[in-house]
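Side chains are part of it too, since the values below use all heavy atoms of this structure and drop only hydrogens, waters and symmetry mates.
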Amino acid sequence: GRGFAFRRKQKVERQYRKLLKKRRQVHSHQDDQFTDTYPEHLKHLYLAEEERLKKRRRTPDDSVSSEEKLNKAADGCGIYGYVCLMILSVSRTCTFPSRSAGTQEKFKNKTSNQKAKEEYEKIKAEHARRKEEAEKRKQQREEAQRLYKKKKMEAYKILSKKTKKGQPNLNLQVEFLLQKIQQNT
């Protein structure tokens with residue numbers, strides 16, 4: 001029959017084929033990386049933006065703004081230039097809600113040392129809270145154990161009583177069982 005060496009050989013061959021397949025996928029993915037592929041539902045927007053940027057670059061303007069400087073720098077970059085221009089146009093059109101002046105000042109005034117101190121205080125408070133909770137749980141557990149041992153000892157005393165002749169006292173045992181049944185119902 002075919003032994004373990006044959007199975008090992010097959011396993012190595014499978015792993016090698018897997019590796020080759022992965023390499024092919026990686027290379028094909030790297031080839032497609034620098035081509036313009038837009039999602040179908042947004043393709044018309046990207047193409048329109050590209051055309052608008054091409055027209056803007058063609059028209060000479062007397063005042064040279066920072067955007068135009070970037071446009072000129074991006075001209076030699078090919079696809080990367082379009083990406084830069086797209087980012088510029090998106091950053092101009094997207095407006096983010098500004099923070100209130102009070103919070104900005106609050107963030108500006110804090111030094112790294114102050115931030116570290118605040119973080120330290122938070123951690124310290126969290127540790128103290130956890131320690132208190134652990135102490136409470138420990139006390140509750142100890143109290144429950146003490147009550148359990150007390151109950152157990154009382155039951156043991158009742159059940160271990162003997163008669164004068166050394167026989168177990170069945171009357172006390174029956175009474176104990178009766179009490180237990182009455183407490184449960």
Please round to the nearest 0.5 Å and tell me the distance separating atom [atom1] of [X] and atom [atom2] of [Y].
X      : Y      : atom1 : atom2 : result
Gln15  : Glu13  : CD    : CD    : 11.0 Å
Leu170 : Leu159 : CG    : CG    : 10.5 Å
Arg137 : Arg141 : CZ    : CZ    : 8.0 Å
Gln140 : Glu142 : CD    : CD    : 11.0 Å
Lys152 : Gln145 : NZ    : CD    : 13.5 Å

Considering all heavy atoms, the nearest [X]-[Y] contact:
X      : Y      : answer
Pro168 : Gln173 : CB-NE2, 3.9 Å
Ile158 : Leu172 : CG2-O, 3.8 Å
Asn169 : Thr163 : CA-CG2, 4.3 Å

Side-chain touch [X]/[Y], heavy atoms, less than 4.5 angstrom:
X      : Y      : result
Leu147 : Lys151 : no
Glu49  : Leu53  : yes
Gln25  : Lys21  : yes

Are any of the side-chain nitrogens in Arg130 or Glu126 under 4.0 Å away from the carboxylate oxygens of its partner?
->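 Salt bridge flag = yes for Glu126 with Arg130.
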
Does any N or O in the side chain of Gln114 come within less than 3.5 Å of the main-chain N or O of Thr111, such that one atom is a donor and the other an acceptor?
->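 Checking the backbone N and O of Thr111 against the side chain of Gln114, a donor-acceptor pair under 3.5 Å is found.
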
Taking atom NZ of Lys157 as the centre, report whether more than 12 heavy atoms of other residues, nucleotides or ligands fall under 6.0 Å from it.
->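 No, not enclosed.
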
Is the count of non-hydrogen atoms from other residues, nucleotides or ligands lying under 6.0 Å from Arg8 atom CZ greater than 12?
->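 Atom CZ in Arg8 is not crowded, with 12 or fewer foreign heavy atoms closer than 6.0 Å.
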
Set of residues satisfying side-chain hydrogen bond (donor to acceptor under 3.5 Å, both in side chains) with respect to Glu118, sequence neighbours excluded |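 For Glu118 the side-chain hydrogen bond (donor to acceptor under 3.5 Å, both in side chains) partners, ignoring immediate neighbours, are Lys110.
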
Only counting residues at least two apart or in another chain, list the ones meeting side-chain hydrogen bond (donor to acceptor under 3.5 Å, both in side chains) with Arg146.
->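 Listed in chain order: Glu143.
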
Starting from the C-alpha separation in whole Å, work towards a yes-or-no answer on side chain to side chain contact (heavy atoms under 4.5 Å, CB included) for Glu51 and Lys54.
-> CA-CA 5 Å; Glu51 287 298 318; Lys54 280 182 188 176; 4.0 Å; yes

